[in-house]
Amino acid sequence: MNRMLLKLAGLATLVFAFTAMTASASADPVAFNFDRAIINLGGGSGPQGLKLIDPDADPPDAPATLRGEVDTGTDAFTAQASEFTFPQKTTQVSGQDVVVTITASGPIGGTFDAGTGVADIDLPVTVSAQVLGNTCTTSFPLELQTTGTLSEPGGNHDAAPFDPGSGAGSVYSTFTVPNSTGGALCGAVDGAIGGSGDIWLSGSGGIDEGIVTVYPGGEGTSLETTDGGWTHSTSYGALCGLTPGVLCPAMNGTFEPADGSGGAADGFLRDTATGLTVTPTALGQTSTGIWTSPEFTYDGAEGEPAESLGFGLARKGALTDLLSQANANWQVDLVKSSDSSVIPLIPNGDATNSDNWVNVPGSALDAAALDIGESYRIVITTNVVADLIGLLPSGTFDYDQVALTARRPTPTGPTGPTGPTDPTGPTGATSPTGPTGPTSPTGPTSPTGSTGPTGPTGPSGPNSPSTRPPNNVTAIYNGKFLFLRLKCPKRFRPRCLGKAVGVTRKSPKRKLARPMTRYANARQRAGKWKVVKLRVRPKYKRRIARYAKRPNRKLMVVRQVVRAKRFRHGKRKVVFHKYKVRSASK
């Protein structure tokens, strides 16, 4: 009996140890940006040295991006399909324009060593090629590695680990393109690009320590459970508008609560084109569906000028039948509220059938394209034009994860505080007149008053020298509380109402961002900073302590929910902040 108890105790100890090891594992965010991609196709007889992403094009191609997480203990890299985007590319094969769309077809895995920059990432992709009205689709895996060489008529392109300092690096993969499915021309497409090939992508990668603000943000971007404030309107031409759905297609906008790009429980926006009889184009039967985002005030990357600005969304469409009777196109624009000026985010292009969600990046944007403090709206426009008289089949156009993203590197911060603290010290020292006062013997008796400052209650507060945050991007951890500076952006005049909490990751979806601290009151005047104290939950104390050991590599995320009487009628907005963590001085 005693032996059995000892065995059970030993087993329990092993289980506890394994559980503790598993619980202690943590993940860092990782970002890859590829601004150049070259591919060889067709086993040597097809296109060679094809520039899928060309930064020297006019205008330059948007970069491909991959974001995910790396386990700090095992170097295991994971990402969702929606976290990979590749710019749509129009190129020529055998003298014909071919529109190539690449998207991830499932979860992404592999390894990434942040210390050496060595990567081995398994990326399953679905590639569709649209040519002469035919859409040919095929799927195959890419094993992106930081070793290997792509050779093409223009030269050799070597893969290389991502430099931990600069982030520069590249990946390479061989592959085999299986036969595609689709229209009658797909056999010819397979003959040109099918078979063996290889691809090389160059850019930057590493731990993502940047500060990011996403617009519209929250439900306005994720559309997880609501329409996020988006509104739908329609426009019809000439006689078409008198009886939409009878003489022309009718466009109906709805919020669909399930089967978005995030899975079964994720929502999305839909435009549905329906009709009975359509008439020739001469009668002006163009039908337009318009989704308009809630107005938002652009604040750069958390109040600072962005160093990069990008846009992307996910789309799919059940359009096979509709496109047999009609043409369809779509575009996305950013409209400035003050003067109605327009910045194209995704230029007008043909809408294609897609049974699966495809991540579509927008055109390259200048970091200074938007004005801080100005208000904007994102507008998605879908046009359907029927060319034939007869019955019109229905079709759906779906949109999700609409995100305008402003980024900037995390400030180093430490140089800031040395400025304000040092000048105040010297001013005291330059006051020599103080010592001349010894003629006043009553001065020395005052030391008895020093018992006031030595009171133990002082150092534990947020203004204690040991826990006072030195700058706006550093949090101080004393083993029980986090002390940090929280800002109320100026746009929330006259004051912010809300709360703040430390979370496990930056995500608009609350189920993915678990609270690591208790909530703190974030009430303060607009444009001002406030020191808040967050009590760390016991299960996350070890994790925060690890952050403090590597302050330049591990950043803590704080989620702030803000409301203001004069800001969008008191509607809530979620703002994320990132902080380096340092241990409190003894």
Side-chain angles (χ1 to χ4, degrees), residues 24 26-29 69 72 207-213 299 301-304 407-421 458-489 496 498-507 510 512-524 527-562 574-586:
S24 65
S26 60
D28 283 338
E69 288 187 338
T72 56
I207 301 299
D208 184 10
E209 297 184 354
I211 292 176
V212 179
T213 301
D299 196 32
E302 294 193 8
E304 298 292 335
R407 298 179 181 276
R408 66 181 174 89
T410 303
T412 54
T415 56
T418 58
T421 54
S460 64
N463 291 320
S464 164
S466 64
T467 57
R468 185 186 300 121
N471 52 63
N472 303 333
V473 294
T474 302
I476 301 298
Y477 180 51
N478 68 355
K480 186 175 182 181
F481 294 98
L482 280 162
F483 299 86
L484 52 91
R485 296 183 70 185
L486 197 66
K487 184 179 181 180
C488 171
C496 287
K499 55 187 179 180
V501 62
V503 292
T504 54
R505 62 179 294 184
K506 181 183 181 298
S507 173
R510 288 179 175 266
L512 298 179
R514 297 183 297 275
M516 294 196 296
T517 70
R518 303 295 181 184
Y519 287 85
N521 189 311
R523 181 187 180 96
Q524 57 187 307
K528 301 297 183 181
W529 294 89
K530 171 184 178 180
V531 177
V532 298
K533 182 171 72 171
L534 300 172
R535 179 189 289 269
V536 178
R537 296 175 184 266
K539 67 181 291 186
Y540 291 106
K541 286 186 176 181
R542 293 179 63 184
R543 180 169 178 169
I544 300 299
R546 288 196 299 272
Y547 285 8
K549 289 181 180 179
R550 302 173 68 188
N552 293 319
R553 294 290 301 276
K554 293 181 175 294
L555 300 179
M556 191 195 68
V557 178
V558 172
R559 182 177 64 214
Q560 182 183 12
V561 179
V562 186
V574 178
V575 180
F576 289 96
H577 310 274
K578 287 187 178 180
Y579 296 87
K580 296 181 180 181
V581 179
R582 299 189 185 277
S583 298
S585 57
K586 301 294 185 180

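In this structure, Y579 and R485 approach most closely via the heavy-atom pair OH-O, 2.6 Å. Nearest heavy atoms, S583 versus I476: C-CG2, 4.3 Å.
With contacts defined as side-chain heavy-atom distances shorter than 4.5 Å, the pair V532/L484 qualifies. Annotation: side chain of K578 is not in contact with side chain of V473 (no heavy-atom distance under 4.5 Å). The side-chain heavy atoms of R518 and F481, taken from C-beta on, include no pair separated by under 4.5 Å. R550 is not listed as a side-chain neighbour of R546, based on a closest heavy-atom distance of 4.5 Å or more. With a 4.5 Å cut-off on side-chain heavy atoms, Y477 and T467 do not count as touching. For the pair R505/P29, no side-chain contact is recorded, criterion being any heavy-atom separation below 4.5 Å from C-beta on. Side-chain contact between R514 and V503 is absent, with no heavy atoms from C-beta onward closer than 4.5 Å.
By the 6.0 Å and 45° rule, K533 does not stack over the aromatic ring of F483.
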Item to complete: Report the C-alpha separation of Y547 and R582 in whole Å, then their side-chain angles, then the decisive distance to 0.1 Å, and conclude whether the side-chain contact (heavy atoms from CB on, under 4.5 Å) test is met.
Response: CA-CA 8 Å; Y547 285 8; R582 299 189 185 277; over 6 Å; no

Practice prompt. I would like to know whether K480 and R535 meet side-chain contact (heavy atoms from CB on, under 4.5 Å); could you show each step before the answer?
Written response: CA-CA 6 Å; K480 186 175 182 181; R535 179 189 289 269; 3.0 Å; yes

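The side-chain contact (heavy atoms from CB on, under 4.5 Å) check on T517 picks up L482, V501, L534, V536, with sequence neighbours excluded. Legend: residues meeting side-chain hydrogen bond (donor to acceptor under 3.5 Å, both in side chains) with E69, ordered by chain and number and at least two apart, are absent.
Exactly one of K541, M556, K539 qualifies for a side-chain contact (heavy atoms from CB on, under 4.5 Å) with M516. That residue is M556.
The structure places NE2 of H577 at 4.5 Å from CG of L486, a figure rounded to the nearest 0.5 Å.
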